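Predicted model, so just to flag it, every value in this text is computed and none were measured.
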Amino acid sequence: QTSSRRPNVQNGPKHVRNENLRKLNLPKKWRELIEARPGHRIWDFDLKSAHALTLGLEAKDLEYMRLARIDVHSWFTSVLAMKQGLWPSVIDASLPDDQLAAALAEIRAYVHPSGVRFEADIRDTRAKPGILGIGFGMMGNKLYETNKESFRNGQDAQEVVDAFFDYRPLLKKYQNNALLEAHELGHLISRGGFRRVFRHVFDFRYSAWDENKFEQGHGDDAEDVKAF
């Protein structure tokens, strides 16, 4: 993948997450600035939930891969909405395809009597950046720093991460195993045979509460290990 900065012209906005900016419709205006050269066309391709699919593949979570193909973001919306007391229960991921798709479409379109619009206020604002960040190995503080319009603070973002792993333990187990393997071997090898070295997976330090004990935390490479 390629990227650019200041500005990030390769990844223009598609959704408006800040309610105060909704009327400005900045994603549409952004795209109106981009024009192909004479005799050329610009094509925009997006493989549906590609990152979620690859994470499910590596974690051997077939149910999560199935959700990714249908609408994993609306499924996670049901998790977050239930946690907020806005929805009675998490959508059953074992439903047949047609019933699951209908249930996910229902929650995507739902508007709570309090005025919370599930698609705009939970799915696109919290569930989508949450799932993407988790796939990239982010924890609460990093998720918040990269999505300040979606989360109140690092603790709020961490609660979203924790809620996700409460219902997807195989994905949590996969990321933890990847950390241990990278720490023990000093590297990981991808399915394509690419070898990447990791030198600082865990951070060992004296406990702030007991100088005779060590605490283990994530090192500088931990996020990259989980996303590898």
Which is it for F118 and Y110 under the ring pair (Phe, Tyr, Trp, His ring centres under 6.0 Å) test, yes or no, and what are the steps along the way?
CA-CA 6 Å; F118 278 23; Y110 185 71; 5.0 Å; yes

Tell me, with the steps shown, if H51 and F136 meet ring pair (Phe, Tyr, Trp, His ring centres under 6.0 Å).
CA-CA 9 Å; H51 292 101; F136 288 152; 5.0 Å; yes

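With sequence neighbours left out, the side chain to side chain donor-acceptor pair (under 3.5 Å) criterion links N25 to no other residue. For S94, the side chain to side chain donor-acceptor pair (under 3.5 Å) partners two or more places apart in sequence, or in a different chain, are D92. When the side chain to side chain donor-acceptor pair (under 3.5 Å) test is applied to N141, no partner is found at least two apart in sequence or on another chain. The salt bridge (Lys or Arg N to Asp or Glu O under 4.0 Å) search around K142 returns E223, not counting sequence neighbours.
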Result block: side-chain N/O donor-acceptor pairs under 3.5 angstrom for residues 78-90, not counting sequence neighbours:
{"residue": "S78", "atom": "OG", "partner": "W75", "partner atom": "O", "Å": "2.5"}
{"residue": "S78", "atom": "OG", "partner": "I91", "partner atom": "N", "Å": "3.1"}
{"residue": "W87", "atom": "NE1", "partner": "S89", "partner atom": "O", "Å": "3.1"}

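Distance check, rounded to the nearest 0.5 Å: CD of E145 to CG of N153 gives 10.5 Å. With rounding to the nearest 0.5 Å, the separation of CD in E159 from CG in L143 is 12.0 Å. Distance check: R69 CZ to D97 CG gives 10.0 Å after rounding to the nearest 0.5 Å.
Of all non-hydrogen atoms in L55 and G135, the two that sit nearest each other are CD2-CA, 4.1 Å. Closest approach of R123 and P129 over heavy atoms only: O-CD, 4.5 Å. In terms of heavy-atom proximity, A52 sits nearest to V72 at CB-CG1, 4.3 Å. In plain terms, the two heavy atoms of L171 and A59 that are nearest each other are CD2-CB, 3.3 Å. When all heavy atoms of V161 and M138 are compared, the pair lying nearest together is CG2-O, 4.3 Å.
Ion pairing between D166 and K172 fails under the 4.0 Å rule for side-chain N and carboxylate O. Taking 4.0 Å as the cut-off between side-chain N and carboxylate O, D156 and R126 count as a salt-bridged pair. Ion pairing of R31 with D44 is present here, as a side-chain N (NZ or NE/NH1/NH2) and a carboxylate O approach within less than 4.0 Å.
Between F198 and D224 there is a side-chain heavy-atom pair separated by less than 4.5 Å. Side-chain contact between E119 and T77 is absent, with no heavy-atom pair separated by less than 4.5 Å. The shortest distance between side-chain heavy atoms of K60 and L170 does not fall below 4.5 Å. At least one side-chain heavy atom of F228 sits less than 4.5 Å from a side-chain heavy atom of F194. The side-chain heavy atoms of K226 and H218, taken from C-beta on, include a pair separated by under 4.5 Å.
Linking Ile, Leu, Val, Met, Phe, Trp and Tyr residues whenever their side-chain heavy atoms come within less than 4.5 Å leaves V201 and I189 in two separate clusters. Hydrophobic clustering (side-chain heavy atoms under 4.5 Å, transitive across Ile, Leu, Val, Met, Phe, Trp, Tyr) keeps Y167 apart from M139. V116 and F151 fall within the same hydrophobic cluster, where Ile, Leu, Val, Met, Phe, Trp and Tyr residues are linked whenever their side-chain heavy atoms come under 4.5 Å apart, directly or through other members. Hydrophobic clustering keeps L62 apart from Y174 (ILVMFWY residues linked when any side-chain heavy atoms are closer than 4.5 Å, directly or through intermediates). L188 and L185 end up in different hydrophobic clusters when Ile, Leu, Val, Met, Phe, Trp and Tyr side chains are linked at under 4.5 Å.
Side-chain N or O atoms of T125 include none that pairs as donor or acceptor with a backbone N or O of I122 at under 3.5 Å. D221 contributes a side-chain N or O that, together with a main-chain N or O of R199, makes up a donor-acceptor pair within less than 3.5 Å. Using a distance-only test at 3.5 Å, with no hydrogens or angles considered, no donor-acceptor pair links the side chain of S49 to the main chain of L53. Judged by distance alone, the side chain of D121 and the main-chain N or O of R117 form a donor-acceptor pair under 3.5 Å. Checked by atom type and distance alone, the side chain of R66 pairs as donor or acceptor with a backbone atom of A93 at under 3.5 Å.
Screening residues 177-192 for salt bridge (Lys or Arg N to Asp or Glu O under 4.0 Å) gives E58-R191 as the qualifying pairs, with residues at least two apart or on separate chains.
Between the side chains of D220 and H200, at least one donor N or O lies within less than 3.5 Å of an accepting N or O. With hydrogens and angles left out, the side-chain atoms of S74 and D71 include a donor and acceptor closer than 3.5 Å.
Crowding of Q155 atom CD: a count of heavy atoms from other residues, nucleotides or ligands under 6.0 Å not exceeding 12. Within 6.0 Å of the CD atom in E35, the count of heavy atoms belonging to other residues, nucleotides or ligands does not exceed 12. K48 NZ: more than 12 foreign heavy atoms inside a 6.0 Å radius.
Partner of H73 under the side chain to side chain contact (heavy atoms under 4.5 Å, CB included) criterion, out of L132, L104, I131, L67: I131 alone.
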